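First comes the structure, then the notes that go with it.
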Amino acid sequence: MTETSERAAIALAAQAATVTRFAPSPSGNLHLGNARTALFSFLLARRLGGRFILRIEDTDARRSSEEFCRNQQEDLAWLGLNWDAGPGREDARGPYRQSQRVARYAEHFATLERARLVYDCYCTALELEVSRKSQLAAGKPPRYAGTCRHLDPQQRAARRAAGLPATLRFRVPLGERVAFVDFVHGAQSFLSDDIGDFVVRRADGSAAFFFSNAVDDAAMGVTHVLRGEDHLTNSPRQILILQALQLPVPAFGHVALLVGPDGTPLSKRHGATTVREYREQGFTARALCNLLFRLGHSSPDNALLDLATMARAFEPAHLGRAPAHFDAAQLRTWQKESVKQMTAEQVGEWLRAQLPDGLPATTRTAFIEAVRPNIVLPEDVGQWREIVFGDPPVMGAAEQAVIDEAGRDFFAAAARAAGAGPGDFRAIAAATGTATGRKGKALFQPLRVALTGLTHGPELAPLLRAMPEGSAQARLARFA
RNA sequence: GCUCCCUUCGUCUAGAGGCCUAGGACAUGGCCCUCUCAAGGCCAGUACACGGGUUCGAAUCCCGUAGGGAGCGCCA
């Protein structure tokens, strides 16, 4: 069997009861990279007719905050990635916050202790640091040296009696091979000897990531873990934990990281990196999802897709194994497309903060439809709002030259035409053309400049329908 | 350092030994349409990281090399 068909087989095998999850830690706002893994996990569940769950990994109380937790859920919901179970949608397999699952972890720790698969470690942070440094200096992998693994019962008892703080370490078996099939990368195999004994419970009693993450996936019935490639070499540890606890091991799939234009992992210095930032700029969830969907995944066509269509097209075996560059230009393209496809109501809602208060409905509609083709973000409306509803525009030199070239008689005729049929640009242009003998660019450019102050912009007819009564005539008359 | 992962136009990608003179999209340039901008239409340039194999035939399989990335934490 080839590697790829193997992958496809894995993906389809568990089709019956697929459960995928997204498990963020609330230590920041939703990052684009995380949003993408969330999207992929969501699509995988939908594609296989399964369930998508959300679990909050807030075991590190110091870094976690309620605000980030709330923001992440808002952003996820905004993207349309609705979870079937998770915070706010509790079920029998919850709670879906790790901070509320400590009792469950305690049971598992007890099981491991009974089986002597873990041991207390009394090494201090300083000792571990020194050990790591010296191993690195000696050209060796910086793994836990095993100091406390080899403590005899008396030594152990002495330390415990002394009340020394202790972590709980997993006793990694020697000389074993941990193998699994990654549904993105294919067959993987690691030597257990390359893995140092790792901490499963911190000195303060809280569960460490490797542990709580793996154990919760099992408890929540997760069948497919789709996550970032940074977890690939950590998977063997989690498999070891699950096997030790005799819990089911999910299928793992690791997607390559999202990187910036320079090829380094996406970070603050690349500009906006969180969903929230893009959302606040006015990018649509549609646009963001369409970009994210194509980063590390191919699309069946070049159209703007909705989540249901993406789900049907989602193919885990084809997930990217090479890092994908986040390209702002591509996001803009999807944004333009999504603006084009919005309904009138949606555009109105999207631009609400940018529109003047108390605009009559017809004016509002006319204005929105006039500027829509020229708008990528809501802030782009500002310029046209001023031009249409503000004071008569001030000309630049080039614009003034167009006015001068047309001459006073031209604008006198135009102003007369505007007085006859206010708001009807076609009629104004036709009448002015007839009166002056001008047509084409010679006719339209001076009109455009007099009306908007610019040589370029949206179509004049709809723009004029939005202008206040008498405004067009006044603007034209200025140059008569 | 060790282990693991990755490498197709500038970018996102198609590609499962012959359908590849390598396809599409974005971006770029040109033309058309058009009062202008946007949109739309047409056209152009640009890629299989490198070197060896295997094969009648390699972007595709194997081995090296180079470059990039991740992990090796009482972070997740």
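Since the model is a prediction, treat every value here as computed from it, not as a measurement. In what follows, chains are A, B, ... by sequence order, proteins preceding strands, each numbered from 1.
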task: Summarise how protein sits on nucleotides 35-44 of chain B as a single string, 5' to 3': B when a protein heavy atom is under 4.0 Å from the base, S for sugar-phosphate-only contact, - for no contact.
output: BBBSSS----
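Atom CZ of A:R478 has more than 12 heavy atoms from other residues, nucleotides or ligands within 6.0 Å. Other residues, nucleotides and ligands contribute over 12 non-hydrogen atoms within 6.0 Å of the CZ atom of A:R143.
With rounding to whole Å, A:L319 atom CG is found 17 Å from B:A16 atom C1'. Going from atom CZ of A:R237 over to atom P of B:C75 covers 14 Å, rounded to whole Å. When rounded to the nearest whole Å, the span between CG of A:D262 and P of B:U11 equals 12 Å. The nearest whole Å value for the distance from the CG atom in A:L266 to the P atom in B:A70 is 13 Å. In this structure, A:F209 atom CZ and B:C72 atom C1' are separated by 15 Å, rounded to whole Å. Rounded to a whole Å, the CD atom of A:E315 is 11 Å from the P atom of B:A14.
Under the Watson-Crick and G-U wobble criteria, each requiring two contacts below 3.5 Å, nucleotide B:C4 is paired to B:G69. With both pairing distances under 3.5 Å, B:C75 is matched to nothing as a Watson-Crick or G-U wobble pair. In this structure, B:C61 forms a base pair with B:G53, meeting either the Watson-Crick or the G-U wobble geometry with both donor-acceptor distances under 3.5 Å. The partner of B:C9, taking Watson-Crick or G-U wobble pairs whose two distances both stay under 3.5 Å, does not exist in any strand shown. With a cut-off of 3.5 Å on both pairing distances, the Watson-Crick or G-U wobble partner of B:A44 is B:U28. When Watson-Crick and G-U wobble pairs are counted only if both distances are under 3.5 Å, B:U34 pairs with no nucleotide at all.
Separating the P atom of B:G69 from that of B:U46 is a span of 30 Å, rounded to the nearest Å. If you take atom C1' in B:G10 and the same atom in B:U54, they sit 35 Å apart, rounded to whole Å. Taking atom P on both B:C56 and B:G15, the two are 28 Å apart, rounded to the nearest angstrom. Between the C1' atoms of B:A70 and B:U11, the separation comes to 23 Å (whole Å). B:G24 and B:A14 have their P atoms separated by 15 Å, given to the nearest Å. Using C1' as the reference atom, B:C33 and B:A59 are 40 Å apart when rounded to the nearest Å. Separating the P atom of B:C5 from that of B:G18 is a span of 26 Å, rounded to the nearest Å. Taking atom P in both B:U3 and B:G64, one finds a spacing of 13 Å when rounded to whole Å.
Among the atoms of the strands shown, base atoms are found under 4.0 Å from some heavy atom of A:F210. A:P165 comes within 4.0 angstrom of nothing in the nucleic acid, heavy atoms only. Among the heavy atoms of the strands lying under 4.0 Å from A:T167 is at least one base atom, whether or not backbone atoms are also near. At a threshold of 4.0 angstrom between heavy atoms, the contacts of A:R132 are confined to the sugar-phosphate backbone, with no base atom among them. As judged by a 4.0 angstrom heavy-atom cut-off over every strand, A:R63 is placed among residues touching the sugar-phosphate backbone only. Within the 4.0 angstrom heavy-atom criterion, only backbone atoms of the sugar-phosphate kind lie near A:Q188; the bases stay farther away. Counting any heavy atom pair closer than 4.0 Å across all strands shown, A:L443 reaches no nucleic acid atom. Heavy atoms of A:A324 sit under 4.0 angstrom from primed sugar atoms or phosphate atoms, though from no base atom. Residue contacts for A:N234: at a heavy-atom cut-off of 4.0 Å it reaches a base atom on one of the strands shown. Among the heavy atoms of the strands lying under 4.0 Å from A:E57 are primed sugar atoms or P, OP1, OP2 only; no base atom is included. At a threshold of 4.0 angstrom between heavy atoms, the contacts of A:R438 with the nucleic acid are absent.
With B:C4, B:G69, B:G71 as the candidates, the nucleotide lying closest to the side chain of A:L257 is B:G69. Minimum atom distance to the side chain of A:P323 is reached by B:C6, of the listed B:A14, B:C6, B:A76. Listed nucleotides B:U11, B:C72, B:G71 differ in distance to A:T233; the shortest reach to its side chain belongs to B:G71. Checking B:G69, B:A25, B:A16 against the side-chain heavy atoms of A:N302 singles out B:A25 as nearest. Side-chain atoms of A:S25 lie closest to B:A76 of the nucleotides B:G71, B:A76, B:G1. Nearest nucleotide to the side chain of A:D230, out of B:G71, B:U3, B:A25: B:G71. Side-chain atoms of A:Q330 lie closest to B:A25 of the nucleotides B:C74, B:C5, B:A25.
Rounding to the nearest 0.5 Å gives a distance of 11.0 Å between CZ of A:R294 and SG of A:C289. Separation of atoms CG (A:N234) and NE2 (A:H254) is listed at 8.0 Å; rounding is to 0.5 Å.
The side chain of A:H185 places an N or O atom within less than 4.0 Å of a non-bridging phosphate oxygen (OP1 or OP2) of B:C6. Contact check, A:R202 against B:C75: a side-chain N or O comes under 4.0 Å of OP1 or OP2. In this model, the phosphate group of B:A25 is not approached by any side-chain N or O of A:T333 to a distance below 4.0 Å at OP1 or OP2. Listed pair A:T59 / B:A76 meets the phosphate criterion, a side-chain N or O lying under 4.0 Å from OP1 or OP2. Considering only side-chain N and O atoms, A:R169 lies under 4.0 angstrom from the phosphate OP1 or OP2 of B:C74. Contact annotation: A:S27 does not reach the phosphate of B:A76 (side-chain N/O to OP1 or OP2, under 4.0 Å). Look at A:H325 and you'll find a side-chain N or O under 4.0 angstrom from OP1 or OP2 of B:C12.
Residues A:F314 and A:F40 place their aromatic rings such that the two centres sit under 6.0 Å apart.
A:Y144 carries A:R169 over the face of its six-membered ring, with the cationic atom under 6.0 Å from the centre and within 45° of the normal.
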Side-chain donor/acceptor pairs under 3.5 Å, residues 449-461 of chain A, sequence neighbours excluded:
{"from": "A:T452", "atom 1": "OG1", "to": "A:R448", "atom 2": "O", "distance (Å)": "2.8"}
{"from": "A:T452", "atom 1": "OG1", "to": "A:L454", "atom 2": "N", "distance (Å)": "3.2"}
{"from": "A:T452", "atom 1": "OG1", "to": "A:L454", "atom 2": "O", "distance (Å)": "3.2"}

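Note on A:R70 versus A:E67: no salt bridge recorded, every NZ/NE/NH1/NH2 to OD/OE distance being 4.0 Å or above.
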task: For salt bridge (charged side-chain N to carboxylate O under 4.0 Å, His left out), just list the numbers for A:R156 and A:D120, CA-CA rounded to whole Å, side-chain angles, deciding distance to a tenth of an Å, and then say yes or no.
output: CA-CA 8 Å; A:R156 210 173 282 282; A:D120 290 339; 5.6 Å; no
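Scanning atom types as modelled, no donor and acceptor separated by under 3.5 angstrom connect the side chain of A:H254 and the base of B:A70.
In this structure, the side chains of A:D306 and A:R286 come closer than 4.5 Å at one or more pairs of heavy atoms. Contact check for A:F210 versus A:I241: side-chain heavy atoms found under the 4.5 Å cut-off.
Position along RNA chain B of the nearest nucleotide to A:L295 versus A:R62 favours A:L295 as the more 5'-ward residue. Heavy-atom nearest nucleotides on RNA chain B were determined for A:A322 and for A:L136, and the one closer to the 5' end corresponds to A:L136.
Between the side chains of A:S212 and A:T59, not a single donor N or O lies within less than 3.5 Å of an accepting N or O.
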